[in-house]
Amino acid sequence: MKLLILCEKPDVKRKFEKALGGTTGFFNGNYFQIVASHGHLLTLDEPANQVSASLKPKYADWSNINYLPWNLNDFSWKNVFKTDNDRATFNYIEQASFDKDAIVIATDNDPSGEGDVLGWEIVNALDWKGKVYRIRFADETPKGIIKSLNNWEDATEQFKQPIYLAGLARQRFDYASMQYSRMALYFARQAHHSPATLRLGRLKSVILNKIYLQTKAINEYVKKPFYEVRFKDSNGNIFKRSFDEATDMFRFNSRTGAEKDLINYVQNNVVIIDETKGKSKQPPALLDLGRLSVLLAKKGYTPKQILTTYQRMYEAGIVSYPRTADTKITQGNFDELLPLAPKIADVVGVSKSLLTHKLSRKKFIITKADHGANRPGLNVPNSLTEISAKYGALGQLIYETLAKSYLAMLCEDYEYDQIKAHLNLNPDFKSEINVPKKLGYKAIFDESSLNDDDDEEQNTLFSNSASPFIFEGANPKPKLPTHKFLINYLDKTGIGTAATRLSTISDISEGDRALIQLKKRVYCLTGLGKLQAILSLDCKIADEKTSKKLFDLMNLVKKNQANWKDIPNLINDMVLADKEIMQRNITKLKNVRINMKEVEYITGKFNGQDVAFKREWGGHKFTDTEVQALLAGQSIKIRVKSGEVSGRLARQQYNDTLFWGFKAEEKIYDEKTYITGKFNGQEVHFKREWGGHKFTDSEIQALLAGQVIKFSVKGGEVSGKLDQQQYKGKPFWGFKVEDKKYDEAVYATGMYDGEEVHFKRVWGNHIFTTNEIQTLLAGGSVSFDTAKGNVKGILAKQKYKGKSFWGFKPEIDIDPDNYVTGKFRGKIIKFKRVWGGHRFTDEEIAALLAGKVISFRNINDFQVEYTAHGKLAKQSFKNSEGKTINYYGFKFLTPEAAAEFKLKE
DNA sequence: GCAAGGTC
């Protein structure tokens with residue numbers, strides 16, 4: 001038999017080749033050829049293309065919600081290729097399939113059935129009539145792959161594959177959830193908001209809902225301070241009574257109440273130890289992409305930066321596969337990486353003597369992993385510098401963090417004593433502390449900062465006695481929706497994989513249509529996001545339980561206990577119920593200020609029909625008179641940037657979407673800026689000027705005749721001809737450069753990495769010397785003095801207004817987001833922008849640099865608000881090697897000290 | 001224009 005082995009991606013194909021000894025060969029007497037897809041090659045076509053011709057207008061309509069919910073029986077569930085590249089990949093798979101007898105679906109074994117859906121999509125597009133086998137490898141080691149091939153299942157009967165059906169149902173459910181975006185847009189317009197589009201779904205909407213409600217809870221938080229007597233020993237250990245709302249007699253609303261109580265307690269109350277228990281803790285689970293991002297977000301990196309850098313490192317084999325659902329690894333994965341541990345430890349500066357636990361602990365191991373948890377890859381770099389050179393500071397941080405989380409697995413347990421004590425004269429006052437005995441894995445990786453509650457305090461032993469003091473507390477303030485907060489929350493909902501969640505957060509926090517944005521390390525909603533969140537309040541689509549229900553049903557399908565066909569229709573029940581709720585939510589929008597870049601739509605009657613169209617066209621905003629004329633079916637003339645356009649309102653089509661809008665019928669270009677002429681018999685318009693050069697009459701003749709012309713511009717000489725080009729997807733005619741000769745006096749020319757580059761000889765006021773030019777071309781850095789101070793930089797390809805050019809690039813301050821650079825006492829210095837969770841405002845920074853004392857309200861780790869005073873000062877600390885490190889930073893002052901400084905000011 | 005799931 002001849003087999004076609006279909007992998008999900010090229011990376012896995014390579015693992016198969018390694019296991020089977022080549023792309024083609026024989027296995028168990030069968031000839032095989034391995035091919036790889038590239039994720040999903042196909043996707044469900046647009047709604048309007050899924051239905052019969054008579055239903056098309058209904059499914060293409062965005063202005064009407066009478067059609068919702070959709071009838072999913074109308075759908076043909078037709079797949080289309082996502083891109084031309086995907087079609088090409090398919091063609092290569094198809095070619096390979098022609099002489100084969102059976103296909104082996106060797107796509108990933110996701111518990112969601114996604115790999116099965118992906119595989120069958122391709123098999124179905126091949127119109128395959130032969131045998132189909134499914135293999136599910138435990139890991140991507142040769143052993144795992146070969147074992148899976150020896151245990152293949154006959155899967156020829158596609159609709160008897162429960163896991164596939166579960167995946168297929170999920171896909172249709174989510175696809176049908178598109179209705180929500182149309183519905184919400186309709187209601188937004190009812191509330192007189194006109195966003196270009198909204199994006200609702202069971203993941204996106206849950207994120208928005210959580211941020212909305214959390215922000216609301218914070219805004220509505222009312223601090224209720226309380227005061228009570230507690231004891232503290234000389235090591236800072238606190239003794240307190242257990243608090244019970246019903247029987248409480250010791251908590252006061254005012255300080256004076258507690259002050260009166262304080263008299264009842266004596267100083268130096270003797271500490272009695274009740275119990276000392278030896279305890280231990282195993283290293284934490286390996287990091288997933290979400291938890292990794294939490295650690296990196298603290299340093300100011302965005303999900304997008306983390307995802308792209310991790311991906312690049314994965315492609316180089318330095319880190320493991322990013323988009324895994326696994327939090328554990330197989331014994332095979334473990335054995336594979338273990339021999340590399342000493343080298344990894346060297347790279348990240350971890351002492352090898354700590355790596356004594358060479359047997360895998362049960363908690364890390366599973367029998368079957370999709371790719372295994374995120375961990376260092378099999379390509380171990382030689383040094384951190386090597387990583388940072390290629391992947392920047394973030395790359396280095398990713399590797400260090402991931403490596404330490406992995407190496408922690410090979411360390412011994414963390415051991416500590418849990419000690420309980422009470423006070424002799426006041427036995428109600430108790431304390432429980434954890435005192436470290438042996439750090440074990442915690443010496444290299446401390447997971448406590450990943451937890452929502454950083455309650456893993458490590459204490460020092462009790463001292464002999466404790467004295468009373470007045471403790472000021474408050475009802476806890478709801479947590480800020482930071483990245484950590486959001487990731488930990490989504491973890492609990494279980495929607496998607498950690499990587500999917502991260503990429504969705506990235507997706508909705510970037511670009512013009514962003515729904516959320518990070519401000520001072522806290523997520524908040526954009527105008528668009530707020531609009532969506534309010535419209536979806538109390539709706540099922542924004543309910544975290546919706547995904548849970550979906551997954552529960554999918555699990556039943558997997559066990560043959562439910563019919564997969566019932567799942568997609570559930571979204572329709574939701575749409576029906578949420579339609580009413582959303583309609584009611586419109587009123588909630590009325591009292592909310594929403595800042596949004598709005599696309600204004602005009603609504604009115606055209607030939608007796610309700611229409612909505614954009615008020616702007618080509619930068620021109622229709623006046624009310626023009627709107628009346630358009631609705632009356634008249635032709636109007638408007639001015640746009642490049643000339644005068646006449647046209648009228650018309651039903652038009654863009655891709656598969658019908659819409660109403662102004663349709664240009666005739667355009668007269670401004671003669672001053674445009675030339676109108678005939679090119680190959682076609683009327684063309686192009687700009688009279690290019691790069692500051694105004695074309696002469698003879699040049700215009702030559703251009704229209706298709707000839708190459710040559711003229712001088714600033715910095716050199718260009719040659720080129722007239723050609724049709726594209727700008728932002730729209731075609732235009734204009735001069736197109738074919739060759740540029742650079743003026744040697746202005747530009748330096750040379751080779752950089754095998755590419756000819758030209759760059760300006762001058763940067764600021766500095767003229768590069770011949771030596772400096774050579775250094776720059778060799779990739780070296782050059783530094784020189786300017787009026788603003790010393791500048792150091794390298795040669796780099798840069799972008800300006802969308803055009804790329806080569807030039808000197810000054811070294812940007814490391815992490816400008818986290819550090820402030822400024823002049824302090826006549827010197828350029830850097831200092832941290834955040835102190836104790838507080839991010840200094842621009843005004844505060846200016847005051848600090850001016851040497852002034854500033855004060856601000858802040859919240860401490862116990863969620864208690866207090867006023868912090870301080871100023872900028874040169875400070876120092878001793879690092880682990882005992883070396884004194886000097887630095888500038890905010891120096892906290894007591895209120896008394898601050899007042900004294902302020903007096904001097 | 002709209003999802004969530006893959007891929008790089």
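For clarity, every value in this text was computed on a predicted model and none was experimentally measured. Chain letters run A, B, ... following the sequence lines, proteins first, then strands; residues in each count from 1.
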Visitor: Categorize A:Gly496 for me: base, sugar-phosphate, or nothing, with a 4.0 angstrom heavy-atom threshold over every strand shown.
Guide: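 The residue A:Gly496 makes sugar-phosphate contact but no base contact.
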Visitor: Between A:Asn333 and A:Glu140, does any side-chain donor sit less than 3.5 Å from a side-chain acceptor?
Guide: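 Note: A:Asn333 and A:Glu140 side chains miss the donor-acceptor criterion.
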Visitor: Give every residue pair that meets the side-chain hydrogen bond (donor to acceptor under 3.5 Å, both in side chains) criterion with at least one member in residues 487-498 of chain A, sequence neighbours excluded.
Guide: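 side-chain hydrogen bond (donor to acceptor under 3.5 Å, both in side chains) check on residues 487-498 of chain A returns A:Asp452-A:Asn488, A:Tyr489-A:Glu544, A:Asp491-A:Arg501, A:Thr497-A:Thr500.
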Visitor: From B:dG1, B:dC8, B:dG6, pick the nucleotide closest to the side chain of A:Thr197?
Guide: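 Of all the options, the side chain of A:Thr197 is nearest to B:dG1.
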Visitor: Describe the nucleic acid contact of A:Ile495 in one word from base, sugar-phosphate, nothing, applying a heavy-atom distance below 4.0 Å.
Guide: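 Contact class for A:Ile495: none.
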Visitor: Under a plain distance cut-off of 3.5 Å, with no hydrogens placed, do A:Ser177 and A:Asp174 share a side-chain donor-acceptor pair?
Guide: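 Checked: A:Asp174/A:Ser177 side chains show no N/O donor-acceptor pair below 3.5 Å.
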Visitor: Using a 4.0 Å heavy-atom cut-off across all strands, classify A:Tyr310 as base, sugar-phosphate, or nothing.
Guide: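 Result for A:Tyr310 = nothing.
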Visitor: Mind checking A:Thr43 for me? I need base, sugar-phosphate or nothing, with any heavy atom below 4.0 Å counting as a touch.
Guide: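 Contact class for A:Thr43: base.
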Visitor: Quick one about A:Ser547 and A:Arg202 (side-chain donor to acceptor, distance below 3.5 Å, no hydrogens or angles considered), yes or no?
Guide: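 Per modelled atom types, A:Arg202 and A:Ser547 side chains form a pair under 3.5 Å.
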Visitor: Side chain of A:Glu46 only, please: which of B:dG6, B:dA4, B:dG1 is the nearest?
Guide: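 Nucleotide nearest to A:Glu46's side chain: B:dG1.
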Visitor: Parallel, tilted or perpendicular: which fits the ring planes of A:Tyr59 and A:Phe75, with parallel below 30° and perpendicular above 60°?
Guide: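 Ring orientation of A:Tyr59 relative to A:Phe75: perpendicular.
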Visitor: Figure out the OH/P separation between A:Tyr321 and B:dG5, and round it to whole Å.
Guide: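 For the pair A:Tyr321 OH and B:dG5 P, the rounded distance is 13 Å.
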Visitor: Which part of the nucleic acid, if any, lies within contact of A:Gln179, taking any heavy atom under 4.0 Å across all strands shown: a base, the sugar-phosphate backbone alone, or nothing?
Guide: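 Nothing: the residue A:Gln179, judged by heavy atoms under 4.0 Å, touches no strand.
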Visitor: Look at the side chain of A:Arg199 and decide which nucleotide, out of B:dT7, B:dA3, B:dG5, has an atom nearest to it.
Guide: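 So the side chain of A:Arg199 is nearest to B:dA3.
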Visitor: Below the 4.0 Å mark, does B:dG6 have OP1 or OP2 next to a side-chain nitrogen or oxygen of A:Lys9?
Guide: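 No, because none of the side-chain N or O atoms of A:Lys9 sits under 4.0 Å from OP1 or OP2 of B:dG6.
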Visitor: When you measure from the centre of the six-membered ring of A:Phe187, is the NZ or CZ of A:Lys579 closer than 6.0 Å and no more than 45° off the axis?
Guide: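 No - A:Lys579 does not lie over the ring of A:Phe187 by the 6.0 Å and 45° rule.
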Visitor: Tell me the interatomic distance from A:Leu42, atom CG, to B:dA4, atom C1', rounded to whole angstroms.
Guide: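 It works out to 16 Å between those atoms.
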Visitor: For A:Ser177 and A:Pro10, take the nucleotide of DNA chain B holding the closest heavy atom to each; which residue's nucleotide lies nearer the 5' end?
Guide: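 The residue mapped nearer the 5' terminus is A:Ser177.
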Visitor: Taking the side chain of A:Leu185 as its heavy atoms from C-beta onward, which of B:dC8, B:dG1, B:dT7 lies nearest to it?
Guide: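 Of the candidates, B:dG1 comes closest.
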Visitor: Would you mind classifying the nucleic acid contact of A:Lys204 as base, sugar-phosphate or nothing, using non-hydrogen atoms under 4.0 angstrom?
Guide: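 Sugar-phosphate, no base atom in range.
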Visitor: For B:dC8, take OP1 and OP2 only and decide whether either is under 4.0 Å from a side-chain N or O of A:Arg323.
Guide: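 Yes, such a contact exists.
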Visitor: With sequence neighbours excluded, tell me which residues meet side-chain contact (heavy atoms from CB on, under 4.5 Å) with A:Tyr186.
Guide: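 Only A:Ile65, A:Gln190 meet the side-chain contact (heavy atoms from CB on, under 4.5 Å) criterion with A:Tyr186.
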Visitor: Could you tell me how far apart A:Leu307 (CG) and B:dG6 (C1') are, to the nearest whole angstrom?
Guide: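 Nearest whole value for this atom pair: 14 Å.
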Visitor: If I take atom CE in residue A:Met178 and atom C1' in nucleotide B:dA4, what distance separates them, rounded to the nearest angstrom?
Guide: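 Nearest whole value for this atom pair: 10 Å.
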Visitor: Once you round it to whole Å, what is the distance between C1' of B:dA3 and CZ of A:Arg170?
Guide: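 The distance from CZ of A:Arg170 to C1' of B:dA3 comes to 8 Å, rounded to the nearest Å.
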Visitor: Take the protein atom NZ of A:Lys540 and the nucleotide atom C1' of B:dA3, then report the distance between them rounded to whole Å.
Guide: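 So the NZ-C1' distance, A:Lys540 to B:dA3, works out to 19 Å.
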Visitor: Looking at A:Arg202, I'd like to know whether one of its side-chain N or O atoms comes within less than 4.0 Å of OP1 or OP2 on B:dG5.
Guide: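 True: A:Arg202 side-chain N/O within range (under 4.0 Å) of B:dG5 OP1/OP2.
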Visitor: Which nucleotide, B:dG5, B:dG1, B:dC8, lies nearest any side-chain atom of A:Lys82?
Guide: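 Of the options given, the side chain of A:Lys82 lies nearest B:dG5.
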Visitor: Rounded to whole Å, how long is the line connecting atom CZ of A:Phe81 with atom P of B:dT7?
Guide: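 Whole-Å distance recorded here is 18 Å.
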Visitor: Whole angstroms only, please: what is the CD-C1' distance between A:Gln532 and B:dG1?
Guide: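 After rounding, the reported distance stands at 13 Å.
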Visitor: Just by distance, no angles: are the side chains of A:Thr302 and A:Gln305 close enough, under 3.5 Å, to form a donor-acceptor pair?
Guide: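 There is such a pair (donor and acceptor under 3.5 Å, judged by atom type) between the side chains of A:Thr302 and A:Gln305.
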Visitor: Would you say B:dC8 has OP1 or OP2 under 4.0 Å from some side-chain N or O of A:Arg312?
Guide: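 No, outside the criterion.
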Visitor: Does either side chain, that of A:Gln158 or that of A:Tyr164, offer a donor lying less than 3.5 Å from an acceptor on the other one?
Guide: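 A pair is found: one side chain offers a donor N or O, the other an acceptor, under 3.5 Å apart.
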Visitor: Identify, residue by residue, the members of residues 107-123 of chain A with a heavy atom below 4.0 Å from DNA chain B, and return them in order of residue number, or none.
Guide: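 Residues of residues 107-123 of chain A that come under 4.0 Å of DNA chain B are, in numerical order, A:Asp108, A:Asp110, A:Glu114.
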Visitor: Of the options B:dA3, B:dG1, B:dG5, whose atoms approach the side-chain atoms of A:Tyr175 most closely?
Guide: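 That would be B:dA3.
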Visitor: Identify, between A:Leu41 and A:Asp61, the residue whose nearest nucleotide on DNA chain B lies closer to the 5' end.
Guide: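 Per heavy-atom nearest nucleotide, the more 5' residue is A:Asp61.
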